[in-house]
Amino acid sequence: MIIVMLGAPGTGKGTVGNLLSREFNIPHISSGEIFRSYIKKDEKLGKKIEEYVSVGALVPDELTIEILKARFEEDDTVNGFVLDGFPRTIKQAEYLDELLKKEDKKINVVVDLSLSDDEIVDRITKRRTCPNPDCREIYNLDFKRPKVDGICDRCGSKLIIREDDNEETIRKRLLNYHNISEGLINYYKEKDILYTVKLNNESNRVSSDVAIEIKDYLNKIKNV
Ligand code: AMP
């Protein structure tokens with residue numbers, strides 16, 4: 001099963017991606033997470049990546065592809081994966097298609113989570129993240145509060161506010177997202193594998209409902 005999650009930062013694609021990864025027992029590959037771990041551990045490459053991530057700019061395609069390529073070669077990807085944050089450009093999408101073609105695989109669905117910019121800013125500034133790489137649970141102070149303030153329900157780690165989760169950086173990331181997403185959405189629309197989920201903050205639709213909707217859709221297309 002190969003699932004690509006699209007959607008601006010803050011639409012819940014990380015949470016939905018995590019749920020789908022557990023449901024299908026495939027790894028959740030988040031390019032943002034991979035970059036953040038490089039920033040933490042890899043002196044030289046990490047510094048280079050940080051120059052882009054810290055200002056909300058896209059990491060150049062060549063570097064992104066090089067880093068993701070190494071991740072796709074790991075053993076746990078044999079039965080597929082949920083991609084979150086990659087591809088972000090047509091060049092990255094074309095690279096992914098080529099890679100999958102070589103292995104006689106294809107993307108099952110590209111999920112587009114759609115939410116207005118103002119609602120996204122509201123959501124992200126209230127987002128709290130578990131920094132534990134084996135957990136990575138995401139909370140929201142409005143609609144998914146942890147049971148104990150500031151502490152992850154699942155693993156007990158102290159929750160953090162991601163460095164790039166501030167309004168200025170979010171607006172920049174949204175601008176980036178809109179600049180590139182239209183092309184990417186059309187790219188997958190033309191391939192007839194795009195599935196759009198329209199969200200709004202009022203409906204209070206939690207990520208688990210969205211994940212169930214996607215799972216049902218995948219079961220449906222499998223039976224067609
Ligand atoms: P995310 O956690 O997906 O919001 O990503 C955080 C940051 O990592 C982004 O704002 C970009 O700077 C960088 N990034 C993540 N994925 C990509 C990608 N596929 N291509 C380029 N830059 C990326």
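Atoms within each ligand, like the ligands themselves, are counted from 1 in listed order. All residue numbers in this chain count up from 1 along the given sequence.
- Stacking of K41 on the aromatic ring of Y38 is recorded, both the 6.0 Å distance cut-off and the 45° axial limit being met.
- Of the N and O atoms on the side chains of R22 and H28, not one donor lies less than 3.5 Å from an acceptor on the other residue.
- Side-chain N/O atoms of T169 and D164 include no donor and acceptor closer than 3.5 Å.
- You'll find the side chain of L83 reaches within 4.5 Å of the side chain of F72, heavy atoms only.
- Side-chain contact between E163 and I39 is absent, with no heavy-atom pair separated by less than 4.5 Å.
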Which pairs of N or O atoms, one from ligand 1 and one from the protein, are separated by less than 3.5 Å, and what is the distance for each pair?
residue, atom, partner, partner atom, Å
ligand 1, 2 (O), R36, NH1, 3.1
ligand 1, 2 (O), R36, NH2, 3.2
ligand 1, 2 (O), R162, NH2, 3.3
ligand 1, 3 (O), R88, NH1, 3.3
ligand 1, 3 (O), R88, NH2, 3.0
ligand 1, 4 (O), R88, NH2, 3.4
ligand 1, 4 (O), R173, NH2, 3.0
ligand 1, 5 (O), R88, NH2, 3.3
ligand 1, 12 (O), A57, O, 2.6
ligand 1, 16 (N), S31, OG, 2.7
ligand 1, 16 (N), G85, O, 3.4
ligand 1, 16 (N), R88, NH1, 3.0
ligand 1, 19 (N), G85, O, 2.9
ligand 1, 19 (N), Q92, OE1, 2.9
ligand 1, 20 (N), Q92, NE2, 3.0
ligand 1, 22 (N), V59, N, 3.0

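- The backbone N or O of S181 sits nowhere less than 3.5 Å from a side-chain atom of Y187 that would complete a donor-acceptor pair.
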